[in-house]
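Working notes, structure below.
The residues of the chain are indexed from 1 along the displayed sequence. Because the structure is a prediction, the values reported are computed rather than measured.
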Amino acid sequence: MTVNATKGSDWSSHRGLVLLAVEYQWFYNGANFLAFKIAGDALHPLMVATLRFSLAALILLPFALVRWRRSPVPVRALGGAALLGVTMLV
């Protein structure tokens with residue numbers, strides 16, 4: 001940040017939003033820990049991760065379809081994303 005920055009342009013002017021983001025992250029991490037702790041006793045950890053990502057994909061699918069209809073993605077970009085996804089799994 002420079003000396004000539006306007007007053008109130010730093011994070012201190014948004015303390016409420018920063019606090020809300022930190023609390024959300026604590027809740028999210030705690031919920032994930034609890035879910036893995038409970039489900040880990042009943043299922044294999046890789047199965048729990050698979051279920052988690054599958055649920056996230058089902059939630060995000062309608063948003064992706066709406067975006068796809070507005071502006072379709074080129075086949076080359078889809079191929080690159082698929083290659084990246086497989087690489088991340090391996």
List the atom pairs, with distances to 0.1 Å, where a side-chain N or O of residues 50-65 and a protein N or O form a donor-acceptor pair under 3.5 Å, not counting sequence neighbours.
{"from": "Thr50", "atom 1": "OG1", "to": "Leu46", "atom 2": "O", "distance (Å)": "2.8"}
{"from": "Arg52", "atom 1": "NH2", "to": "Tyr28", "atom 2": "OH", "distance (Å)": "3.1"}
{"from": "Ser54", "atom 1": "OG", "to": "Thr50", "atom 2": "O", "distance (Å)": "2.8"}

Arg67 meets the side chain to side chain donor-acceptor pair (under 3.5 Å) criterion, sequence neighbours left out, with none
Rounding to 0.5 Å, atoms CG (Leu20) and CD (Glu23) come to a distance of 6.5 Å
